[in-house]
Structures are given as structure tokens and as C-alpha cells.
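This report refers to the structure that appears directly beneath it.
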Amino acid sequence: MDIRQILIDLITVNLSIKVYFAGLRITFEKAITMILRFFLLDINYEVTDGRPEVRLWGVSEDNRRVLVIDRSLKPYFYLLLDGNRRPEDVLEGIKRRAVEASLSLDMEARIEEKRYFGKPVKVLKVFLKNPNLMANYASLLSKEDGIGECLEEDIRYSSRYLIDYCLNPCGWLEVEAKPLGHKEGIRVDEVFEAESPPRMIEVHKEPSLRILAFSIVCYSETGSPNPTKDPVIVISVKTSDGSIRQFSAFDRDDGKVLEDFISLVHEFDPDIIVGYGCNRRDWPYLLDRCHTLGMRLSVDRIGSEPHGSLYGHISVTGRANLDLFDFAEDIPEVKVKTLDNIAEYLGILKPQKRTVLEEVDIPELWKKSSGRQVILRWSLENAEAILGIFEALRDFAFQLSNLVGLPLDQVGAAAMGFRVESHLIRQAYKFGELIPRRVEKPYVPYQGAVVLEPKKGIHENVAVLDFKALYPSLMVAFNISPDTYLEPDEPEPPQGVYVAPEVGHRFLKEPDGFYRRALKSLMEAREILRKRLEGLSKNSYEYRLLDARQKAIKTVTNACYGYAGWVGARWYVKPVAEAVTAWGRATILDALKEAKNLGLEVFYSDTDSLFVENDAGKIEILSKHMQEKLGLTLKPDEIYVRILFTEAKKRYAGLLQDGRLDIVGLEVARGDWTEAARKVQEGVLEIILKERSPKKAVEYVRSFLKDLFMGKVSYKDLILWKTITKDLREYKVRAPHVEAAKKLIERGWKLSLGDKVGYVITSKPGSLYDKAEPYILASLKDVDLRYYAERQIIPATLRVLEQFGVKEEDLMVSGTSCLKDRVPSGQTTLF
DNA sequence: GCGACGAACTTACCC
DNA sequence: ACGGGTAAGTTCGTCGCG
């Protein structure tokens, strides 16, 4: 890019700014306005003197931190007219009310036509100055006769701004803006005032962002640290420029540690701050600790402190604060979502090279200087792993944020339902569809998908056919949408309707519903991306970007059906979800019938898949049939050389052509079974599927059990992990993991909803819940090996071996229950 | 009063 | 705080027994 191009891009006629570029300083005497291009990172708004200003934080094309202030958008909401009075009269009525309440100067209103659940409606669009007063105005004015309900007064002003101007975070914006230079208390290179609303532009350039990854260590004699008394002993930081910094309370108080950290944040001035568990742990602790010490945790760009925001995350104004733990939720392969497990899964940490410290180990280590070195090293590795995970996930996170329109720091914290909704809101706006309020509705279950009984046993050469994007395709095909749904009492319109099988719900054939339009555009966009990916080098920035985007599109597309059936959704309409599954059942049943007609043997089927004998000719015919009849793509996905079905649905294991095992639903795939049971079951499956030798599998299990009883198994392989899903007092039964959780809390540990409790079964007497101990409070010598043999190893392996005639007794070795009458409980040393 | 049995509770998976 | 369908382990109440 040459200088002239830059000037053309940057400057329109009347500028009065200094442009620094490549060491050149150019001054334009009469210049006022320029064109600024920047990457949008964060957005918030402030109300000053009763007027809102939107603040767009970003990084400019020439790599400067910028804040763009825009006051152009007037806040507004809608009042739905119920048709009892003439709209003009109602408009007069609310104007009178405004005068009476002395609101008139701040307010204006007009009549508009919109659509609400597809029906044309007349609304009053009410503008006001202060967006924080929207709810007040709405409730005052909706008392007027002729007003049904108020709408969109629950849309936050900063979201409103992005929606109405069609702007998406994590993308490039162009704006005509007036430079204001520096502004007191705002930590950016330059502040601008927008002259007109910004617009999105296509720039295939990676913004040059500064990332800061951090991790803290707190000191606590027992249990979880308490910020009012326990110090922050180490803060480790790794930044995207490759440098590392550590602050520790070696021989000083932790106020200095916090001070140093705050200074570093100012000095490095990150655009993105990343942590692991920082929303729930690090930030609240640092905040409390600072306040205890009479300090302020000033790390943002306006001299304020991190604060709680929507979706329960912590917001740092002007920067994006990301908690990678939120993104770990989207990696189902990792069952216990510790930093180490996620980093290891992503190939960032080498498992062997790392000493895994537990919080309980800290006090002991801190007492010795060699121990302190261990802590420092561990903490630094944490910060490095966090930066590594961020790098691995950043493209996806950026693209998801850009696609659904939620700012980067919110998109990770927002549950899938809110991500989908954010995207739908943007689509609805473009179609003139009003955004319904979130209302509490009763939960009424409805029928879902078809799952067939599998044909138990081993089968050779099995193909899995599945329908590509079945539910989204059906929603598009039959125009299933909240705005096309016809209530039972409504007469059929001339353009005709699609009628869902079984349930009879009707949907207009025309016009396109907004789900149809949204899904079509998502699916088409993904296809275009996939085509473009084919011609790109996998290492290029563009490839990474587009690949991340197509993945983001896929997750949003697939979640649309779930969203439709979610009672919390703004557009929840049960018949919409119910119709999708009904058409889904009809589709798969038709495919099954057709397979039967063709004489194609079916071994199993679940929702949108058929497991059939791998007969290419018949599969081709079946596939063609479905394509022609319904326009749906049914094609082979996986081919199993050999597959084993247990008697249960949703649980099977197959040998793939490349020699890998695909284990579905069985204990191997479950995080609430011990690693020991999972390893042995996997071993058994490998022997059965590859060597077809139940005898060898039995020997394998027996030898494992012998090792177990000789204490040759690792303690950590015996831990059971289960999630605390509600307040401990709400549990109706004394479940082992709940009892273990209570013991942790007794010892001063903090546990919250969603935490996983790791516990072991000890040889204490009583029920299982009496025997459960948090694993950090017990050791290998305490565990009840017989429990592990009888309730973990044997059931998990028998699940597979049972169908080969193997009995429990065949697996038992001395020390297990077959000898319990002869061997006293606890005696485990016969080998 | 006691044990067998099944319902209820609970979690995590599949698609 | 995204849907329904499903398996499976543990707890706990109930029923029948004499």
C-alpha cells in the first residue's frame, strides 16, 4: 500500500489532523473529517446529560487503539396497537400523556407498519433521549387505551446500535469521524467522534492485537483461599509479543504484586485479556483482594474497575476479557475441563513434561524456597498454556462473535440459545419482524426422534448413512418458522400450507419465514466458504479465517432447532419444534421403508442415521430416492470394517478402516466412570474388534484386576468425577458425589454450581455415600479396591463380553467378590 | 422388623 | 439458561411376609 492510497483511504477533504505513517508526518491545515477504518473489539454506552453516546473500541488499520463515539442513534421502542382505536387517536393520547408527565420535550412518536409473528401490525415507534428510561416510558405510555403491549424496550441500547446499523463485532468498520485527540481518562491513542454511522467493510487483514494471558496463585492454609485474609502470592503473565512476567510475594506483601500487575496491564495495554476460570475465580478474587488492601483494580481503558456484565462474565471496558473456560464447554471430548486437560487435548501441553499441582499442595511448597520455584514454574506454565489455548481458539471465537453479533467477551459466556437468538434478532430486524419479549411459558414436553433397537452382536462392513443437516433442511423445505405458523383456528389462506405429519401443525407456503431465510443464508454461506476453502493453503490466514467461520456457521445452524423448542426463547413456539421432529420421524421412517424394499439390511438407526450393510448399489438407489422425493441429502458418512452393538440403544463400538476405534455411548465415552474402567473397556473392545478373541479379552481383564489388587494402578485412575447440578440442600437423595462435596465444603473449600467433584470410594463401612471421599483428602491406601473391581472394571468389561458368553465369575480373580467368603474384606495382597 | 423390588433421583451421553 | 430419547447406578420407599 503506498502513501497516496493511505491518504485517499484515510482522508476526505477538510482534515485537520496529523497523520503519522512510516515515519512521515503530514499536517493538513484545514482538515476536519477523515475516514477511519478499525476492527471492532468492544462496545458500551454512557449516558451524559440525559443523552446516550455509543462507544466503539477498536484497533485501527494503522494499528492504533481508537475509541469512536457516536451519538447518532436515537433510542426507541414500540407500542403495539390492539386495533380498538384509530392509531392516530392513540398517538394523540400518548402525546397528551407525555405532556402531562412532562416527558414531551424528550419524546417523539410516529405510526409504523411492522410484522409480529408474521402478521402485519401497526405500531407506535416512540423515540426518547435517555435509553435508561425506556422501561419507565414504556410502562407509563402503555396504560393508554388501544395499546396492546410494548416491544423492544428490553433491547439494550448498545445492542440496538449494532442491530440497527448492521454492525458486527470482530469485523472491520469504516466511519467518517472527527479526531478529538486525547481525552482525559481514556486510555487510547486517539478518540474520534463519528460524523455518520459506521458501516461494515470487507478487509481480509488480520488486526494486530495485543493479547495478555494471566494466571494467579493464592495462598491458603486449608480450603479455598479467602480474599479478605489470604494473599495473592503469584501472578504470571504471558503476552502475545512473547514476553513473560511474574510477580510474586516472595518477601513482600501482595499489595506490591497487585500493583505490579496493574502497572503491567497499563504498560502493555492489551486489547484482549485471557484467563482460565477468570470470570468466576481470578477477577472476583483480585477485586476483593484489592479492596481489602484499599486499592483499586484499575485495568481497563477508562480508569474504572472490572465489573459483572450480562451472561455472568466480567467486563473490562475498552478491552475484551475472555475466559477460556467458557470455550472449553464446547469441547465435549474433554470430560473434566481443567486447564491441563484442555491444553493437553489441544496439543499445547505435553502431559509428561508437567508437574500437576493441586491447590492443596501450595502451602507446603510455599514454605520452602525450592517449593516456591516449583510454584513459580507451574504458574508460568499455566499462563503460557492459557495463551496457547487462546491462539488455538481465537479464529473460531472471532468468527462466532462476528456471525452472531455478540461482542467477543460476551460470545463465549453466552449459552448457545443466546448466541442463536442474537443472530436471529439481526435477521428479524432486516425482515421488519418485531422482536418478541422474553415471557415465561410453561414447559410442555413433545415427541422427538426415532431410535431403533440395534441388532445386537458383531457385524462386518457396515455403512452409516446420514441425512445432512436434517432438521435445518426440513425447516427450510416446509417453511417452518414462528412467523409462518398458522394457529388451528385460522382459515387456510389461498397460497396453501404445509401440514406436518402426525401432529397436523400448518405452515404457510408463502412468504418465506424468517427461519427459512436465516437458515438458507447460513447454509448457503457455509457452502460458499467450503468451496473457497478448497482452493486455499491450509496455513494461510484466509484459510484459518474462513474455516473458523464455516465452523461457527455450522454450530449456529445446528442449534436453531433446539432454540425453537426452548421455552426461554423469545420466539418459542412449541408447534414449530414439534413439527420439525414430526417431519424428521416421517423422513427417517420413509428411508427405513425404502431400505427394506430394496432388501438393504438395517442394523440400527438414530434420528437421522441408518446403519446398513455396505452395499454401494443399493445405497446409491436409496440416496437418490431421498434426494428426488424430499430434496434431502442422505449419504454414507462412516464405514465400519466391523461394528459391535450391545443390547442398548446409543451404545456401540466400531472399527474404522484406518484402524481407529469409534466408541459411542459406552463407558469409554463417559466422564463419570473411572479412567481405570474406561481404559480396560477400551482394551477389551480393541481385542474383540481387531482380534475377535473373547478369550484373550478375558485374560486381559483378569490381568488388569490382578494389577489392581496389587496396588499397581494409579490413584488418579480411580477418581470418579460428577457435576454438582444444584444447590446441595436441594438434593433429595444422599448421592456419593454430593456427600463428597459436603466434606469438601466442611474443610473450607468453595464449590459452586457446575463444578465437578472428584471423589474416590474408600473402604469405610456403610453405604456408598459413606464411603465416598474427595480425592484430594484421601490416597491410594484408603480406597476400596473391591468396589473398583466389582462396580467399575467388571460391569464395564462385561457390558462388551457378556454377548460372548462370558460370565462375571470368568473375570474374577482372588480378591474380588468370588472369594469374599474366604478372603476377609480388605485383604488384597494374594498376588 | 426385614429383605426384595421397583420407582425415583441423578448424571451424562447420542444425535 | 438448546431439544427429546436413552442407559445406568444409587438411594429410598413400599409391599409382603406370618
Side-chain angles (χ1 to χ4, degrees), chain A residues 310-312 329-330 332-333 335-336 413-421 424 438 440 443-454 464 466-472 475 555-574 576-582 584-585 588 604-611 637 646-652 662-674 677-678 720-726 730-739 753-754 756-757 761 766-772 787 790-792 795-796 798-799:
Chain A
L310 237 61
Y311 312 118
E329 304 276 314
D330 297 329
E333 292 87 345
K335 308 293 175 187
V336 182
M416 203 48 183
F418 294 103
R419 296 176 187 170
V420 171
E421 190 158 271
L424 289 175
R438 210 180 293 289
E440 210 164 311
Y443 166 72
V444 184
Y446 61 89
Q447 199 184 339
V450 178
V451 187
L452 293 193
E453 214 65 59
V464 184
D466 54 28
F467 285 100
K468 296 292 155 228
L470 180 63
Y471 286 179
M475 292 166 90
T555 68
V556 173
T557 308
N558 289 342
C560 282
Y561 151 72
Y563 173 82
W566 173 39
V567 277
R570 288 177 185 267
W571 277 285
Y572 172 67
V573 179
K574 201 186 80 166
V576 167
E578 206 168 24
V580 177
T581 58
R585 290 191 298 276
I588 195 81
Y604 178 58
S605 165
D606 183 348
T607 312
D608 59 355
S609 66
L610 295 93
F611 291 60
D637 179 34
T646 64
E647 75 284 6
K649 296 171 175 181
K650 298 185 185 280
R651 311 183 125 224
Y652 55 87
D662 188 19
I663 301 170
V664 180
L666 295 166
E667 282 70 10
V668 174
R670 296 185 63 98
D672 57 347
W673 281 72
T674 57
R678 297 161 68 192
L720 289 144
W721 291 95
K722 274 201 166 72
T723 311
I724 297 294
T725 60
K726 51 190 156 197
E730 286 172 43
Y731 281 94
K732 288 171 185 155
V733 294
R734 303 186 67 178
H737 73 294
V738 179
E739 293 305 305
L753 235 116
K756 271 200 158 66
V757 177
I761 300 302
S767 296
L768 212 53
Y769 61 76
D770 296 309
K771 296 159 75 70
Y787 165 84
E790 289 171 18
R791 303 273 166 177
Q792 291 281 325
L798 218 49
R799 189 105 49 222

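What you see below is based on every heavy atom in this structure, not just the backbone, and it leaves out hydrogens, waters and symmetry mates. Here is how names work: the chains are called A, B, and so on, in the same order as the sequence lines, proteins then strands, and each is numbered from 1. Everything numeric in this text was worked out from a predicted model, so none of it was measured.
Residue A/Tyr769 is classed as a sugar-phosphate contact, given heavy-atom separations below 4.0 Å to backbone atoms only. Within 4.0 Å (heavy atoms only), A/Tyr446 reaches sugar-phosphate atoms of the nucleic acid but no base atom. Within the 4.0 angstrom heavy-atom criterion, base atoms lie near A/Gly562. Within 4.0 Å (heavy atoms only), A/Ala559 reaches at least one base atom of the nucleic acid. Residue contacts for A/Arg799: at a heavy-atom cut-off of 4.0 Å it reaches the sugar-phosphate backbone alone, with no base atom in range. A/Gly417 comes within contact range of the sugar-phosphate backbone alone, with a heavy-atom separation under 4.0 Å but no base atom that close. Looking at heavy-atom distances under 4.0 Å, A/Tyr572 makes no contact with the nucleic acid at all.
Using modelled atom types, one side-chain atom of A/Thr581 and one backbone atom of A/Gln447 make a donor-acceptor pair closer than 3.5 Å. With hydrogens and angles disregarded, a donor-acceptor distance shorter than 3.5 Å links the side chain of A/Gln792 to the backbone of A/Thr674. A distance-only check finds a donor-acceptor pair linking the side chain of A/Lys649 to the backbone of A/Val451 [under 3.5 Å].
Contact check on A/Arg799 versus A/Glu647 returns no salt bridge, with no Lys/Arg side-chain nitrogen under 4.0 Å from an Asp/Glu carboxylate oxygen.
In terms of position along DNA chain C, the nucleotide closest to A/Val567 lies nearer the 5' end than the nucleotide closest to the other residue of the pair A/Val567 and A/Pro736.
Of all non-hydrogen atoms in A/Val444 and A/Lys574, the two that sit nearest each other are O-CD, 3.4 Å. Heavy atoms only, all atoms of each residue included: A/Ala669 and A/Ile663 are closest at CB-O, 4.0 Å.
Comparing the P positions of C/dC2 and B/dC9 gives an interatomic distance of 24 Å, to the nearest angstrom.
A distance of 6.0 Å or more separates the ring centres of A/Tyr572 and A/Tyr563. Here the two rings, on A/Phe418 and A/Trp566, have centers that are under 6.0 Å apart.
Side-chain contact between A/Tyr769 and A/Val738 is absent, with no heavy-atom pair separated by less than 4.5 Å.
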Nucleotides 10-15 of chain B: protein proximity per nucleotide (B base, S sugar-phosphate only, - neither; heavy atom, under 4.0 Å)
SBBSBS
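If you walk DNA chain C from 5' to 3' and mark each nucleotide with an atom closer than 4.0 Å to a heavy atom of chain A, the marks span C/dA1 to C/dC12.
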